[in-house]
Amino acid sequence: MRAPTPAEVAQRAGNSVEVLLSRYARCLYDRQPINNQCIEGLLSDYDKPPELDEA
């Protein structure tokens, strides 16, 4: 598994690379596997079909 580029991380976070590096970069160091797992978990929630109410 390759590490995502700053541009990929910024895009996933909905920010520019400048914002990523100036505000969030310190949160990313040494936590890449944990952060990737969290991001993938959150994104997978959006891929699930909505639950239908049983009436």
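Given the structure is predicted, the values throughout are model-derived calculations rather than measurements.
Hydrophobic cluster of Ile34: no remaining members, since no ILVMFWY side chain lies below 4.5 Å from it. The hydrophobic side chain of Leu42 is isolated, with no ILVMFWY side chain under 4.5 Å apart from it.
Between Ala10 and Val17, the closest heavy-atom pair is CB-N, 3.7 Å.
Within 6.0 Å of CD on Gln11 lie no more than 12 heavy atoms contributed by other residues, nucleotides or ligands.
Residues satisfying the salt bridge (charged side-chain N to carboxylate O under 4.0 Å, His left out) test with Arg23, not counting sequence neighbours, are none.
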